[in-house]
Amino acid sequence: MKCLAVIDTNVLVSALLSKNDDAATVQVIHKMFLSEFIPLFSEEILSEYHEVLKRKKFGFSETTVNQLISSIEKMGEKVASSNTGEILPDMKDLPFYEVVVEKQEDGAFLVTGNMKHFPTKPFIVTPRDFLDVLQ
């Protein structure tokens with residue numbers, strides 16, 4: 001069975017900002033396009049992707065943002081998550097956490113650059129650690 005992963009918005013931002021093709025965030029997105037894992041998302045996650053990636057401060061083109069999000073939708077799996085009751089330091093991260101918890105039976109991961117925003121769990125990993133998982 002193919003690996004499943006929720007990609008935190010900060011990973012997408014970092015990958016799009018990076019000038020280094022060897023950066024872990026860039027490699028994670030590259031592996032998604034190679035279908036080495038299935039991205040998981042919910043409506044709330046897609047909304048956050050749109051809202052954050054279209055911020056003027058990043059300067060990402062609308063075409064780039066729309067193509068990336070469209071690819072995640074096409075290649076990924078939409079998940080209806082349940083309320084976990086978890087309290088996170090930044091409650092905007094809750095949809096990401098709830099989707100990964102919903103798919104724990106299937107061994108899903110949450111890939112984030114902000115480990116401190118989530119509880120310490122073996123399925124919450126950095127982009128670098130996720131690359132190791134995919135090996």
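Not measured: the values here are computed from a predicted model. FYI, the numbering just counts along the sequence from 1.
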Notebook entry, point to check: Would a distance-only check, ignoring hydrogens and angles, find a side-chain to backbone donor-acceptor pair under 3.5 Å from T112 to M115?
Noted result: no
Next item on the list: Give the C-alpha distance, both sets of side-chain angles, the deciding distance and a yes or no for side-chain contact (heavy atoms from CB on, under 4.5 Å) between F118 and L110.
Entry: CA-CA 10 Å; F118 296 97; L110 171 56; 3.5 Å; yes
Checklist line | Distance flag, aromatic centroids of F130 and F37, threshold under 6.0 Å | finding: yes
Check: Can you name the salt bridge (charged side-chain N to carboxylate O under 4.0 Å, His left out) partners of K78, sequence neighbours left out?
Finding: E43
Next item on the list: Using atom types as modelled and distance alone, determine if a side-chain donor or acceptor of Q104 lies under 3.5 Å from a backbone N or O of A108.
Entry: yes
Next item on the list: List for me each residue that meets salt bridge (charged side-chain N to carboxylate O under 4.0 Å, His left out) alongside K54, sequence neighbours excluded, and say none if there are none.
Entry: none
Next item on the list: Determine the sole option in I45, V111, V13, D93 for which the side-chain contact (heavy atoms from CB on, under 4.5 Å) test with D8 is passed.
Entry: D93
Checklist line | With S42 via side-chain hydrogen bond (donor to acceptor under 3.5 Å, both in side chains) - residues at least two apart | finding: E44
Check: F41 versus I7: any side-chain heavy-atom pair under 4.5 Å?
Finding: no
Check: Is a side-chain donor or acceptor of S18 paired with a backbone partner of S14 at a separation under 3.5 angstrom?
Finding: no
Item checked: All side chain to side chain contact (heavy atoms under 4.5 Å, CB included) counterparts of S70, not counting sequence neighbours -> K74
Notebook entry, point to check: E36: what forms a salt bridge (charged side-chain N to carboxylate O under 4.0 Å, His left out) with it, not counting sequence neighbours?
Noted result: K31
Checklist line | V100 and F123, any side-chain heavy atoms less than 4.5 Å apart | finding: yes
Checklist line | Audit row: L68, F33, side-chain contact (heavy atoms from CB on, under 4.5 Å) steps and yes/no | finding: CA-CA 10 Å; L68 178 59; F33 280 108; 4.1 Å; yes
Next item on the list: Would you check if S81 and V101 make a side-chain contact, meaning some heavy-atom pair closer than 4.5 Å?
Entry: no
Note to self: Please enumerate all residues that pass side-chain hydrogen bond (donor to acceptor under 3.5 Å, both in side chains) together with E73, with sequence neighbours excluded.
What the structure shows: none
Margin query: Run L12 and L53 through side-chain contact (heavy atoms from CB on, under 4.5 Å) and show every step you take.
Written below: CA-CA 8 Å; L12 300 180; L53 295 176; 4.2 Å; yes
Residues 82-90 side chain polar contacts: donor-acceptor under 3.5 Å, at least two apart:
{"from": "S82", "atom 1": "OG", "to": "E102", "atom 2": "OE1", "distance (Å)": "3.0"}
{"from": "N83", "atom 1": "OD1", "to": "G85", "atom 2": "N", "distance (Å)": "2.7"}
{"from": "T84", "atom 1": "OG1", "to": "E86", "atom 2": "N", "distance (Å)": "3.2"}
{"from": "T84", "atom 1": "OG1", "to": "E98", "atom 2": "OE2", "distance (Å)": "3.4"}
{"from": "E86", "atom 1": "OE1", "to": "Y97", "atom 2": "OH", "distance (Å)": "3.4"}
{"from": "D90", "atom 1": "OD1", "to": "K92", "atom 2": "N", "distance (Å)": "3.0"}

Next item on the list: Could you tell me which residues satisfy side-chain hydrogen bond (donor to acceptor under 3.5 Å, both in side chains) with D129, sequence neighbours excluded, listed by chain and number?
Entry: T126
Check: Measuring from N114:CG to I124:CD1, what's the distance to the nearest 0.5 Å?
Finding: 12.0 Å
Margin query: Rounded to the nearest 0.5 Å, what separates atom CD in Q27 from atom CG in N20?
Written below: 8.5 Å
Notebook entry, point to check: Mind checking what makes salt bridge (charged side-chain N to carboxylate O under 4.0 Å, His left out) contact with E77, not counting sequence neighbours?
Noted result: K103
Next item on the list: First locate atom CE of M32, then atom CG of L134, and finally report the distance between them rounded to the nearest 0.5 Å.
Entry: 12.5 Å
Item checked: side-chain hydrogen bond (donor to acceptor under 3.5 Å, both in side chains) partners for R55, two or more places apart -> E51
Next item on the list: Count the heavy atoms belonging to other residues, nucleotides or ligands that lie under 6.0 Å from NE2 of H30, then report whether that count exceeds 12.
Entry: no
Next item on the list: Find out if a path of hydrophobic residues (ILVMFWY) with successive side-chain heavy-atom gaps under 4.5 Å connects L34 to V26.
Entry: no
Check: With Y49, which residues qualify under ring-ring contact (aromatic ring centres under 6.0 Å, His included), at least two apart?
Finding: none
Next item on the list: Just jot down the ring-ring contact (aromatic ring centres under 6.0 Å, His included) partners of F60, sequence neighbours excluded, or say none.
Entry: F58
